[in-house]
A.B. asks: 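The structure follows.
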Amino acid sequence: MNTPSAPITQDVHTIPRKLPEGGKVNLVGLTREQLRDALIEAGTPEKQAKMRVGQIWQWVYHWGVRDFAQMTNLAKDYRALLDEKFEISVPEVVTKQVSMDGTRKYLLRIAGGHEVEVVYIPEENRGTLCISSQVGCTLTCSFCHTGTQKLVRNLTAGEIVGQVMVARDDLDEWPQQGAPKDETRLVSNVVLMGMGEPLYNFDNVRDAMKVVMDGEGISLSRRRITLSTSGIVPEIAKTAEEIGCLLAISFHATTDEVRDRLVPVNKKWNIETLLNTLRDYPRLSNSERITFEYVMLKDVNDSDADAKRLVKLIRGIPAKINLIPFNEWPGAPYQRSDWERIEAFADIIYKAGYASPIRTPRGEDIMAACGQLKSATERARKSKAQIASEAGL
């Protein structure tokens, strides 16, 4: 008989927030259908609702306007009605840090006083915004600083879209009315790789991405959005069908024994189950290929045998393998693999015909690199021994 173990993830996936009764409805994050319903409920004649949705949508998501008074193509009395019933509200920036390499990290405060972190990474030909989907995380991946923080709650669709809007505010990226059209995109890519497991907050993530992908607003193509998951198998097909973005898998190990320790959700859906589901993803979502993220941990998952097993496991899946040098954090139970080891590992993968870029750590000086995010209110440091025992070391 198996000895029962602690639950791998919390049973309750959706933790709703309590808003003050009778508050204004925030329009940010509502899908077009939800916005239409809200406008009709507030007194907009049904025949006008579709047109009003289009007008408001463009003001909020194309021009970045937060004040109904500025929506000059709406009648004054209608603007007053909107102002009485609704608000256009985004998370509040508590702090902004800028790394020596230009990476920006924002600590944002949301309803209930909770905090999440968002990272903007400028590169030569793109600007990637790494956004969060939960406060804390349900998963307890032993190499990840965010994973040492308990899940507080899911973010709403508005709080997820709001992170993109805050970054565009800070980068001054909203177009100016009357100015010539500028096609340069400072936020050209969005990755759901911040705090939280996006597929445990599926509905809010899906609705937020509908808003971000809408061609009349922020207008990011689904191929510019990458959702990173630890492998929540039942939601992967839904992601293909209902979002259709690119998929990245936090893989990190080539045997169930090691992955159980690094990514405990593997005990629920093991490597074979996960890979069988992934074989269908590119066909369902018309996506080009799946990214396998693999954090390089010294003497844990970085041997030549691991590299060869990895290539064998993913055979037949259109894929690239993103090698991530481990980003250390105070009390971390692991060390980064030596550079020669990472390069030898990458070489085996490359020779097998897969792209194997080694991700350059960005923003390490401001704790903004992969696996380092953790909201400041939760930074009470655990002892090294406590973290090591939780990681099963």
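Keep in mind that what you see is a predicted model, and the values were worked out from it rather than measured.
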A.B. asks: Anything under 30° is parallel, anything over 60° is perpendicular, the rest tilted; go ahead and classify Tyr334 against Phe326.
C.D. replies: perpendicular
A.B. asks: State the OG-CG distance between Ser221 and Asn189, to the nearest 0.5 angstrom.
C.D. replies: 9.0 Å
A.B. asks: Is the shortest side-chain N to carboxylate O distance from Arg153 to Glu159 below 4.0 Å?
C.D. replies: yes
A.B. asks: Measuring only between side-chain heavy atoms, which start at C-beta, is Ser132 closer than 4.5 Å to Gln163?
C.D. replies: yes
A.B. asks: Evaluate Val166 against Val118 for side-chain contact (heavy atoms from CB on, under 4.5 Å), listing each step before the verdict.
C.D. replies: CA-CA 10 Å; Val166 163; Val118 179; over 6 Å; no
A.B. asks: Check the pair Gln58, Glu216 against side-chain contact (heavy atoms from CB on, under 4.5 Å), reporting the backbone distance first and the verdict last.
C.D. replies: CA-CA 6 Å; Gln58 195 172 35; Glu216 289 179 24; 5.8 Å; no
A.B. asks: Supply the atom-to-atom distance Asp37 CG to Gln34 CD, rounded to the nearest 0.5 angstrom.
C.D. replies: 8.0 Å
A.B. asks: Let's go through Asp306 and Arg341 carefully: what are the C-alpha distance in whole Å and the side-chain angles of both, what is the deciding distance for salt bridge (Lys or Arg N to Asp or Glu O under 4.0 Å) to 0.1 Å, and is it a yes or a no?
C.D. replies: CA-CA 12 Å; Asp306 278 307; Arg341 182 86 302 271; over 6 Å; no
A.B. asks: Do Thr226 and Ser228 come within less than 4.5 Å of each other through their side chains, counting heavy atoms only?
C.D. replies: no
A.B. asks: Apply side-chain contact (heavy atoms from CB on, under 4.5 Å) to residues Ile349 and Val311 and explain how you reach the verdict.
C.D. replies: CA-CA 6 Å; Ile349 292 165; Val311 165; 4.1 Å; yes
A.B. asks: Is the shortest heavy-atom distance from the side chain of Ile321 to the side chain of Leu323 under 4.5 Å?
C.D. replies: yes
A.B. asks: Can you check whether Leu27 reaches Leu35 side chain to side chain, under 4.5 Å on heavy atoms?
C.D. replies: yes
A.B. asks: Taking C-beta and beyond as the side chain, do Arg66 and Val90 meet within less than 4.5 Å on heavy atoms?
C.D. replies: yes
A.B. asks: With a 4.5 Å heavy-atom cut-off, do Leu275 and Phe251 have their side chains touching?
C.D. replies: yes
A.B. asks: About how many Å separate CG of Asp338 and NZ of Lys298, when rounded to the nearest 0.5 Å?
C.D. replies: 4.0 Å
A.B. asks: Report the distance from atom CG of Leu192 to atom OG1 of Thr229, rounding to the nearest 0.5 Å.
C.D. replies: 10.5 Å
A.B. asks: Assess whether a salt bridge exists between Glu235 and Lys238, defined as any Lys/Arg side-chain N lying under 4.0 Å from an Asp/Glu carboxylate O.
C.D. replies: yes
A.B. asks: Apply salt bridge (Lys or Arg N to Asp or Glu O under 4.0 Å) to the pair Lys24 and Glu87, showing each step before the final yes or no.
C.D. replies: CA-CA 6 Å; Lys24 292 183 178 184; Glu87 62 180 6; over 6 Å; no
A.B. asks: If we only count heavy atoms from C-beta on, is the Phe345 to Tyr294 side-chain gap below 4.5 Å?
C.D. replies: yes
